[in-house]
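To start, the structure itself, in structure tokens.
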Amino acid sequence: MADFDDFDFFSASSSDISDDPAAGPETLSGLVEQIVFRNDENGYAVVRIDDDDGRPVTATGTLPYIAEGDRIRASGRWVTHKKYGRQFEIAYFERTLPVEEDDILRYLSSGAIKGIGPKTAAKIIEKFGTDSFEVIETHPEWLAGIPGISEKKAAQISENFIAVSGSREFLMFTRDFLSPATAMRIYKAWGAGASERIKRDPYSLCGEFGGIGFKRADMIAASLGMAPDAPERVKAGIKFVLSSEASRSGHTCLPLSTLEKCASELLFGDEDVSRGPAEETISEMCSDGRLVRYQRDGNDFIYLPQIFAAESGTARKLVNLSATCPAFEETDIASLIAGSEAAAGLKFAAQQKKALALALTSGVMILTGGPGTGKTTIIKGLIHIFERLDMTVCLAAPTGRAAKRMSEATAHEAKTIHRLLEMEFSDTDSARFLRNENDPLDEKVIIIDEASMIDVPLMNALVRSIRSGARLILIGDSDQLPSVGCGNVLGDVIDSGIFPVVTLTEIFRQSETSFITTNAHLINSGELPELSSVGSDFFFLSRDTDAAISGCVRDLVVRRLPKTYGDGIKEQIQVISPSRKGDAGTEALNESLRAALNPPDGKKKEFIRRGVVFREGDKIMQTKNDYSVEWTDPFDNTGYGVFTGDVGTLVSIDADSDEATVVFDERTCKYELSSFEEVDHAYAITVHKSQGSEYPVVIIPVYNCAPMLKTRNLLYTAITRASKMVILVGRRDVLAEMILNERRGLRCTMLGQMLREEAEFYG
């Protein structure tokens, strides 16, 4: 077991993503005369306002429950819409209910209160005048005296009015620390009790709504006068450290002492003096089930319950599959392999025969190997053998691109794991899989490619869906980076020693012509790649400064490669950088490449999110799983979900309906513009975000980035994303440093230990 000093743990200075509302320097106030457009789902609206000087103004923005007759005061900026002219783009607003009879009539007639139309509104105003709002809210039974309003309808009108009024009050209550769009999401989920719930425990926002982290909740708590050592604050801080480390560093759990230290730093700015509250609270949370304590070698490790359930559940089911799957006789195996060779017209190498044999004798088998080592040949052989035995086979991979490559290579349908498990999106912004232990998969053989990308929650969902007695074959490259999500599934399964593992080392594919394959294996062995070959598919262009590296990358994409290979190559190029930061990082490269490849032209629509301009024609990437996005494909299949690393094109923007259309490979998705909080430009992407994908041409800046990113497995992962050409641009000394640096970001996980414990239990 590694020394825990080797792990990268939480730092109190870690950034916490927030959602501060944009505040423009200009203001607008007046009466809402007309609702031109309103999206009730997200609150986006286009309204006409008579400002205080009597001038008509068109305003747009997130204006939940806005109604004609509202008087508002807004801040934002003036913009010029190419079609609709000058508009006021609202970033923040306040509103008050109208007080004049005519304005109250207009408000009630607008449909803002369900159950009141123009005729009913006129009757209410005629009888109660400027007291109408007070009557509706506090004396709804008085409405029953109006013709057409029963006691039941009067009660419903009052309830609707109070609900709308409550949303207004909530928006006012949260205006200093939440954007209107976020506040609206919270109010829809929690209803009239939202304000009281936040006052009671502002930290309850952290686990419920994306984009609200501990520091945001801490700011709200401070404004409400909550004490620094309040139990709610300490509990939330402890949970935040665990969840932050899961998403930031991939740890599924933390040593107790580390958690105490990090939580104390976060909560009190001191890791030693103030450990008492954290230590006591952790013990209490373990006792009441809000945390889980796991012991190993006399040390305590602390889990969030859902991650513990996923890791322990994965271990339990994998060992069960291994124990319950029937094995074939050795004499039958030899005959089956020979038959597969005859059908394919080839002779399997010794390692390949071993892999085929173990797949036939094991419930769980792992196949690893670098590029060109024959993994696809083995998949084809397995499909032939199992189908000959009338055993149903399914193929799957973590990403759409990986599944597509698997399908093309094997001529057999492959699905994403999410689609295989029939993911369903719920109204609570969460996803669930319809396939599980209660409705398992029908197939008897499940073959998963790119297994290094699978995190613990997804692996647990997968194994839960597999019937006892079925076979699971995991295929991947254990030398690549681990999953973006928490855990180290493939590495832990291999290191546990419980299941048979075949590591392919002999190179078959393109061995005579491809330096990509040859150099990838050299780098993985700690050797410098061959850089002097002329006319190969692997190039190194030496540049000494970050600015020169960035300029060369841009020139390659925009001018040099299109000049040599034709303009169509632009669509095949992917720039993959080790880091987001620096002149040769993805942030700077995206800005530079986008300016050259998709400049504004007066016709393309665009909008701003998080201070970033998104334009029609932009190459974009999803940075976080979003299960709410609905997609369709050319075959009229529909589904939900876009996932981390998906790359597509922003095809169109419709600001009036607050929607954008994005195409990912063959999936067409409709996005709300607010969903672009989790979208980046993708002219250049990080190595981590490229996992599971393959691109014809890959350009890699090799520059002096952060030391933790200058590692061999990161460089190896980047190079193995290319199918036709790799171009390294940068410094030879940094290239050598990366190749010699075997350091891997160790993750604190217990899957390997749990597997060994389960195996002992089964005997």
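Under the 3.5 Å distance criterion, the side-chain polar atoms of Asp537 are matched with a main-chain donor or acceptor of Phe515. In terms of modelled atom types and a separation under 3.5 Å, the side chain of Thr252 and the main chain of Cys748 share a donor-acceptor contact. A donor-acceptor contact shorter than 3.5 Å is absent between the side chain of Ser249 and the backbone of His251. In this structure, the side chain of Asn519 engages the main chain of Glu530 through a donor-acceptor pair within 3.5 Å. Under a 3.5 Å cut-off, the side chain of Arg747 and the backbone N or O of Gly487 do form a donor-acceptor pair. Side chain of Thr720 to main chain of Thr717: a donor-acceptor pair is present (N/O by atom type, distance under 3.5 Å, no hydrogens or angles). Formation of a donor-acceptor pair under 3.5 Å by the Asn590 side chain with backbone atoms of Thr586 is found in this model. At least one donor-acceptor pair under 3.5 Å links the side chain of Ser514 to the backbone N or O of Ile516. Looking only at distances, no side-chain donor or acceptor of Arg543 sits under 3.5 Å from a matching main-chain atom of Gly730. When atom types are taken as modelled, the side chain of Gln574 and the backbone of Ala682 share a donor-acceptor pair closer than 3.5 angstrom.
With rounding to the nearest 0.5 angstrom, the CZ atom of Phe664 is 10.0 Å from the CE atom of Met621. Here Ser690 contributes atom OG and Arg721 contributes atom CZ; the two are 6.0 Å apart, rounded to the nearest 0.5 Å. Distance check: Ile699 CD1 to Ser577 OG gives 12.0 Å after rounding to the nearest 0.5 Å. The structure places CG of Leu593 at 7.5 Å from CZ of Arg554, a figure rounded to the nearest 0.5 Å. In this structure, CE in Met453 is found 14.0 Å from CE in Met459, a value given to the nearest 0.5 Å. Taken from CE in Met738 to CG in Leu715, the straight-line distance is 4.5 Å, to the nearest 0.5 Å.
Taking 4.5 Å as the limit, every side-chain heavy atom of Val662 sits out of range of all side-chain heavy atoms of Val642. The shortest distance between side-chain heavy atoms of Val729 and Pro701 does not fall below 4.5 Å. Using a 4.5 Å cut-off on side-chain heavy atoms (C-beta onward), Cys486 and Glu311 make no contact. A 4.5 Å side-chain heavy-atom check between Thr661 and Thr668 finds at least one atom pair inside the cut-off. No side-chain heavy atom of Tyr716 sits less than 4.5 Å from a side-chain heavy atom of Thr711. Using a 4.5 Å heavy-atom cutoff, the side chains of Ile576 and Val687 are in contact. Two residues are said to be in side-chain contact when any heavy atoms from C-beta on lie closer than 4.5 Å; Leu254 and Cys262 fail this criterion. You'll find the side chain of Phe538 reaches within 4.5 Å of the side chain of Leu531, heavy atoms only.
A salt bridge is defined here as a Lys NZ or Arg NE, NH1 or NH2 lying under 4.0 Å from an Asp or Glu carboxylate O, and Glu616 with Lys604 fails to meet this definition. For the pair Asp646 and Arg667, the salt-bridge criterion is met [side-chain N within less than 4.0 Å of a carboxylate O]. Taking a cutoff of 4.0 Å between a charged side-chain nitrogen and a carboxylate oxygen, Arg731 and Asp733 qualify as a salt bridge.
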Original post:
How far apart are the C-alpha atoms of Val679 and Leu650, what are their side-chain angles, what is the distance that settles it, and do they pass the side-chain contact (heavy atoms from CB on, under 4.5 Å) test?
Top reply: CA-CA 11 Å; Val679 172; Leu650 175 54; over 6 Å; no
Original post:
Arg580 and Thr686: side-chain contact (heavy atoms from CB on, under 4.5 Å), yes or no, with the steps?
Top reply: CA-CA 7 Å; Arg580 294 177 62 90; Thr686 62; 3.8 Å; yes
Original post:
Can you list the steps and then say if Val698 with Ile719 is a side-chain contact (heavy atoms from CB on, under 4.5 Å)?
Top reply: CA-CA 7 Å; Val698 169; Ile719 287 170; over 6 Å; no
Subject >> Steps toward ring pair (Phe, Tyr, Trp, His ring centres under 6.0 Å) verdict (Phe240, Phe214) >> reply: CA-CA 6 Å; Phe240 174 73; Phe214 178 81; 5.6 Å; yes
**OP:** For side-chain contact (heavy atoms from CB on, under 4.5 Å), just list the numbers for Leu561 and Ile727, CA-CA rounded to whole Å, side-chain angles, deciding distance to a tenth of an Å, and then say yes or no.
**Re:** CA-CA 11 Å; Leu561 289 175; Ile727 304 175; 4.0 Å; yes
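Remark: the Thr749 side chain and the Asn488 side chain contain no N/O donor-acceptor pair separated by less than 3.5 Å. A donor and an acceptor atom, one from each side chain of Lys619 and Thr649, are nowhere located under 3.5 Å apart. Counted by atom type alone, Gln572 and Tyr565 present zero donor-acceptor pairs between their side chains at under 3.5 Å. With no hydrogens or angles considered, a side-chain donor-acceptor pair links Asn704 and Lys710 at under 3.5 Å. Checked by atom type, the side-chain pair Glu678/Tyr671 shows no donor-acceptor distance below 3.5 Å.
More than 12 heavy atoms of other residues, nucleotides or ligands lie within 6.0 Å of CD in Gln306, so this atom counts as buried by the packing criterion. The 12-atom threshold is not exceeded at NZ of Lys239, counting heavy atoms of other residues, nucleotides or ligands nearer than 6.0 Å.
Between Ile417 and Ala396 the shortest heavy-atom distance is CG1-CB, 4.1 Å. Of all heavy-atom pairs between Phe301 and Cys253, the closest is CB-SG, 4.1 Å. Leu597 and Val557 get closest at one heavy-atom pair: CD1-CG1, 3.9 Å. Of all heavy-atom pairs spanning Gly370 and Asp477, the tightest one is CA-OD2, 3.6 Å. Between Leu541 and Cys552 the shortest heavy-atom distance is CD1-SG, 3.9 Å. Scanning both residues, Gly582 and Ala588, for their nearest heavy atoms gives O-CB, 3.6 Å.
Sorted by first and then second residue, the ring-ring contact (aromatic ring centres under 6.0 Å, His included) pairs with a member in residues 595-626 read Phe607-Phe614, Phe607-Phe676, Phe614-Phe676, Phe614-His681; sequence neighbours excluded.
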